[in-house]
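Have a look at the structure below, then the notes.
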Amino acid sequence: MAKIETPRPVRGTQDMLGGTAEAFQERFAHVVAAFDKVRRLYGFQRVEVPVFEATAVFARSLGESTDVVSKEMYTFDDRGGDSITLRPEFTAGIARAYVTEGWQQYAPLKVATNGPLFRYERPQKGRFRQFHQLDAEIIGAGEPGADIELLVFADQLLRELGVSEGVTLNLNTLGDAQSREAWRAALIAHFEAHRDQLSEESLDRLNRNPLRILDSKDPRDRPVADSAPDIDAYLTDEAKAFFDKVTAGLDAAGVAWERNSRLVRGLDYYRHTAFEFITDRLGAQGTVLGGGRYDGLIENLGGPATPAVGWAAGIERLAMLIDAPQQDRPSVAVIPMGEAAETKATGIIADLRRNGVACDMGYRGNMKKRMQRANASGAAWAIILGDDELARGEAALRDLRSGEQQAVPLAALVEKLTAL
RNA sequence: GCGAUCGUAGCUCAGUCGGUUAGAGCGCUGGUUUGUGGUACCAGAGGUCGUGGGUUCGGAUCCCAUCGGUCGCCCCA
């Protein structure tokens, strides 16, 4: 008989098993739990949006960056012939819902979500095809206060996770449309004047996405990129006032930040604030949380002109940075010996669980094996139930830490253990 | 799409100037102790050496191809 070949997991996907101190799943869950806790403190409502959308939702949101649309998205036709795309980001879907579900009535709307996203990329450290993000958005608020609130939220999350130490907030402004255009023109002029010093890749970027030359990793580009003009000289008074309010707000809230005049966004609908929390502990993927103001996006999706700002954070990346979280252990291991005892134990364990006592039953192997498993499970107590105990209507309750053991009437077990 | 590097037991890895039956630790099963763990000792099960081809008397080891992992480039919404 031919050997059946087990299908392999799809490239860039992960399976996560919890239950042990080193388990990545435990870290992952801790990041999500911390996010949910902080999100409530800041009054962000939980929102759920579909994992897939009509392709147009993302295609329009990404606009002209054709490489991303054509090569990086999981797009397919469904049985009805409609083009569907697995979400590569949260913002577009939330913006779509804001328009189609009439959420405009709640503006300014503070929402948060988290879940899986999909991008067809080559996996590497901190990069997967199915990955997961936390996401927070404020839609319908054009005031710098919204940017500030979001940034303080992000900062507090990183503090709660204990990773703020090695992570710095890089902050920049892209100005309003007018500032951005003027700066862009100046940058192109600068790069054109130094064409001969740029790498081939950056020469290509010059046509495609000139702002990206600013954060090129190629050492040949650095001198030209570093000597390129900041946006500061091109900011309108309004844009400058906006950025000043954001930085003043951060200072007032005690959030440390660094100006990074090379931090840019490729898409045109980004305005004003752009930020990334960056670490050097994750290899090539240093951004742990990033976002900015996208005042032009909702209009791009056919909605009313709506100012909005938001951020997203990679759960896997955060999970790689945090210390191993404390994990919950079952506190009681029930060890029956013999069939009659096992039946009785089934009732006892159900009773304990209904009364909020976390417990597990050991039903494999000999006594020694069961005790070993009970010990390995981290349980603090073992309830040993054999024919002898059963006949006396009691169970042996053993403290697995001290080794002390006592007989407890079966009827008193729940009371005894819930009192501990 | 490009580059580097690695694929040996369930896991982590030894073993390669080509040479009898491929090893260890952990885990698993059983035993020393017919019902008592965190120690110890003994035994056992478990491997198409990623896959296919080539060179050779002989390949885990050398060559080619292919698949997969990892890291980096590109891209980064």
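Chain letters run A, B, ... following the sequence lines, proteins first and then strands; every chain starts at 1. Nothing here was measured: the structure is a model prediction, and the numbers come from that model. All values below were derived from every heavy atom in this structure, side-chain atoms included, with hydrogens, water molecules and symmetry-related copies excluded.
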**Report entry** Separation of the P atoms in B:A22 and B:G68, to the nearest angstrom
**Finding:** 30 Å
Query raised in the report: B:U29, B:U70, B:C75: which one has an atom nearest the side-chain heavy atoms of A:E121?
Result: B:C75
Requested in this report: For residues A:W311 and A:F277, establish whether the separation of their ring centroids is below 6.0 Å.
Outcome: no
Requested in this report: Answer with yes or no whether A:K369 presents, from its side chain, a donor or acceptor under 3.5 Å of a partner atom in the base of B:U36.
Outcome: no
Requested in this report: Using the P atoms only, state how far B:C71 lies from B:G18, rounded to an integer number of Å.
Outcome: 33 Å
Query raised in the report: Between A:Y120 (OH) and B:C74 (P), how many Å, whole number?
Result: 20 Å
Query raised in the report: So, the side chain of A:E26 versus the backbone of A:A23: is there a donor-acceptor pair under 3.5 Å, distance only?
Result: no
Query raised in the report: Between the base of B:G37 and the side chain of A:R398, is there any donor-acceptor pair under 3.5 Å?
Result: yes
Query - A:E316 side chain vs A:H132 backbone, donor-acceptor pair below 3.5 Å - result: yes
Report task. For this output row, return yes or no: ring centroids of A:F243 and A:H272 closer than 6.0 angstrom. Result -> no
Query raised in the report: Taking atom C1' in both B:G69 and B:U29, what distance in whole Å separates the two?
Result: 31 Å
Report summary line: Atom CG of A:D204 and atom C1' of B:C2 are separated, to the nearest Å, by 15 Å
Query raised in the report: Between A:Y270 (OH) and B:C76 (P), how many Å, whole number?
Result: 12 Å
Query - Those residues of residues 386-393 of chain A lying under 4.0 Å from RNA chain B by at least one heavy atom - result: A:G386, A:D387, A:D388, A:E389
Query raised in the report: Could you state the CZ-P distance from A:R119 to B:C74, rounded to the nearest angstrom?
Result: 17 Å
**Report entry** Of the listed nucleotides B:G37, B:C75, B:C74, the one nearest the side chain of A:R208
**Finding:** B:C75
**Report entry** Value in whole Å for how far the P atom of B:C42 lies from NZ of A:K368
**Finding:** 14 Å
Query raised in the report: Is any side-chain nitrogen or oxygen of A:N209 closer than 4.0 Å to OP1 or OP2 of B:C76?
Result: yes
Query - Side-chain N or O of A:N366 closer than 4.0 Å to phosphate OP1/OP2 of B:G31 - result: yes
Query raised in the report: Nearest of B:U36, B:G69, B:U32 to any side-chain atom of A:R11?
Result: B:G69
Report task. Taking only the side-chain heavy atoms of A:Q124 (C-beta and beyond), determine which of B:C73, B:U36, B:G38 contains the nearest atom. Result -> B:C73
Report task. Give each stem of RNA chain B as a range with a range, requiring at least 3 consecutive Watson-Crick or G-U wobble pairs whose two distances are under 3.5 Å. Result -> B:1-7 with B:67-73, B:10-13 with B:23-26, B:28-32 with B:40-44, B:50-54 with B:62-66
Query raised in the report: Does any N or O in the side chain of A:R265 come within less than 3.5 Å of the main-chain N or O of A:G291, such that one atom is a donor and the other an acceptor?
Result: yes
Query raised in the report: Quantified in whole Å, what is the C1' atom distance between nucleotide B:A43 and nucleotide B:U61?
Result: 32 Å
Report task. Kindly say whether, by distance alone, the side chain of A:R205 makes a donor-acceptor pair under 3.5 Å with the base of B:C75? Result -> no
Query - Which nucleotide in B:C71, B:G37, B:C74 has an atom nearest any side-chain atom of A:K125 - result: B:C71
Requested in this report: State whether A:R259 and A:D232 are salt-bridged, where the test is any N-O pair (Lys NZ or Arg NE/NH1/NH2 against Asp/Glu carboxylate O) under 4.0 Å.
Outcome: yes
Query raised in the report: In terms of side-chain heavy atoms, does A:Y294 have a donor or acceptor partner in A:E137 at a distance below 3.5 Å?
Result: yes
Report task. Report yes if a side-chain nitrogen or oxygen of A:R364 is closer than 4.0 Å to either non-bridging phosphate oxygen (OP1 or OP2) of B:G30; otherwise report no. Result -> no
Requested in this report: Would you mind reading off the distance between A:N375 atom CG and B:G38 atom C1', rounded to a whole angstrom?
Outcome: 4 Å
**Report entry** Donor-acceptor contact present, side-chain A:R27 to main-chain A:A319, <3.5 Å
**Finding:** yes
Requested in this report: Provide, to the nearest angstrom, the distance between the CD atom belonging to A:Q372 and the P atom belonging to B:A40.
Outcome: 11 Å
Report task. Is it possible for you to check whether A:R87 lies under 6.0 Å from the centre of the six-membered ring of A:F52, through NZ or CZ, and within 45° of that ring's axis? Result -> no
Report summary line: The nucleotide from B:C75, B:G1, B:C74 with an atom nearest the side chain of A:R122 is B:G1
Query raised in the report: Quick one: A:E22 CD to B:G27 P, roughly how many Å, whole number?
Result: 13 Å
Report task. Output yes when a side-chain donor or acceptor of A:R271 lies under 3.5 Å from a complementary backbone atom of A:D176, and no otherwise. Result -> no
Query raised in the report: If you measure from the Lys or Arg side-chain nitrogens to the Asp or Glu carboxylate oxygens, is any gap between A:E200 and A:R220 under 4.0 Å?
Result: yes
Query raised in the report: Backbone N or O of A:S199 within a donor-acceptor pair of the A:D221 side chain at under 3.5 Å?
Result: yes
Report summary line: Which of B:G37, B:C74, B:U36 is nearest the side chain of A:K217? It is B:C74
Query raised in the report: Looking at the side chain of A:I384, which of B:U36, B:C73, B:G30 is the nearest nucleotide?
Result: B:U36
Query - B:U8 to B:U12 separation - P atoms, rounded to the nearest Å - result: 8 Å
Query raised in the report: For atom P, what is the distance between B:G27 and B:U21, given to the nearest Å?
Result: 32 Å
